[in-house]
Amino acid sequence: MLATRVQDYISVKLQQPFSYSLIPIIVCAILFGMSLVYFCVSYVKSRPNTVKSQIHMATPKNREKIKQFYLDKINQLHNAIVTQQIDSRNAYQKMSCYIREFVYEMTGMEVQKYTLQDIQQLKMPVLESLIAEYYVPEFAYAEEGNALASIEKTKRIMEKWI
């Protein structure tokens with residue numbers, strides 16, 4: 001009689017293929033992913049957060065034009081507050097934009113993109129004090145601060161800017 005199956009010719013019994021349990025593989029993958037996230041976060045937190053301060057001063061001829069342009073904007077903002085066309089919060093937001101754009105045009109530093117912490121690292125105490133003064137009223141839910149006094153302070157700083 002001829003055997004019709006190959007297994008009949010083999011004298012050793014073969015075992016079924018070995019299969020791995022998925023639980024240890026899944027646990028190892030989760031641990032690897034968590035450790036990868038931990039190292040990425042710790043790397044981002046540990047690296048120094050320095051702001052590049054490359055100053056490119058405007059020419060003397062341009063400085064006066066820039067000063068006058070932004071002083072005109074501040075005067076328009078002053079008039080809008082006096083005539084109640086704008087509320088205090090929006091006035092502080094506009095003042096923050098104006099002084100940041102002014103500094104950018106005078107120095108070439110992109111302070112429009114900087115937070116208060118970044119500005120503190122620039123070692124520009126005048127700009128830092130103005131932005132710090134604007135922060136609370138700018139983001140407050142209710143109107144806070146004296147916008148007219150802040151406008152006058154901003155004007156004085158722009159006029160004295162070298």
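Worth saying up front: this structure is predicted, and the values here are computed from it rather than measured.
Pairing each heavy atom of I81 with each of A91, the nearest pair is CD1-CB, 3.4 Å. In this structure, P137 and R89 approach most closely via the heavy-atom pair O-CG, 3.7 Å. The minimum heavy-atom distance linking T107 with W161 is given by the pair CG2-CZ2, 4.0 Å.
Atom CG of N62 and atom CD of E105 lie 9.0 Å apart (nearest 0.5 Å). A distance of 9.5 Å separates CD of E64 from CG of L71, quoted to the nearest 0.5 Å. Between the SG atom of C97 and the OH atom of Y104 there is a distance of 15.0 Å, given to the nearest 0.5 Å.
Here E133 pairs with K153 in a salt bridge; the nearest charged N to carboxylate O distance falls below 4.0 Å. Salt bridge present: K113 and E110 bring a charged side-chain N and a carboxylate O closer than 4.0 Å.
Checking side-chain atoms of Y135 against main-chain N and O of L116 turns up a donor-acceptor pair under 3.5 Å. K94 places no side-chain N or O within donor-acceptor distance of the main-chain N or O of L77, the cut-off being under 3.5 Å. With hydrogens and angles ignored, the 3.5 Å screen pairs no side-chain donor or acceptor of S96 with any backbone N or O of Y92. Checking side-chain atoms of R100 against main-chain N and O of Y114 turns up a donor-acceptor pair under 3.5 Å.
Around atom CD1 of I23, no more than 12 heavy atoms belonging to other residues, nucleotides or ligands sit under 6.0 Å away.
Under a hydrophobic clustering in which Ile, Leu, Val, Met, Phe, Trp and Tyr are joined whenever their side-chain heavy atoms come within less than 4.5 Å, directly or via other members, V136 and L148 fall into different clusters. No continuous path of ILVMFWY side-chain contacts below 4.5 Å connects I30 to Y38, so the two sit in separate hydrophobic clusters.
No side-chain donor-acceptor contact under 3.5 Å links T154 and Y70. Counting only N and O atoms by type, the side chains of Q68 and D72 include a donor and acceptor under 3.5 Å apart.
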In a table with atom names and distances, give each donor-acceptor pair under 3.5 Å that connects a side chain of residues 122-132 to protein atoms at least two apart or in another chain.
unit_1 : atom_1 : unit_2 : atom_2 : d
S129   : OG     : P125   : O      : 3.4
S129   : OG     : V126   : O      : 2.9

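Sorted by first and then second residue, the side-chain hydrogen bond (donor to acceptor under 3.5 Å, both in side chains) pairs involving residues 78-88 (not counting sequence neighbours) are D87-N90.
Residues satisfying the ring-ring contact (aromatic ring centres under 6.0 Å, His included) test with F69, not counting sequence neighbours, are none.
Residues F102 and M158 are in side-chain contact: their nearest non-hydrogen atoms beyond the backbone lie under 4.5 Å apart. You'll find the side chain of V103 stays beyond 4.5 Å of the side chain of Q112, heavy atoms only.
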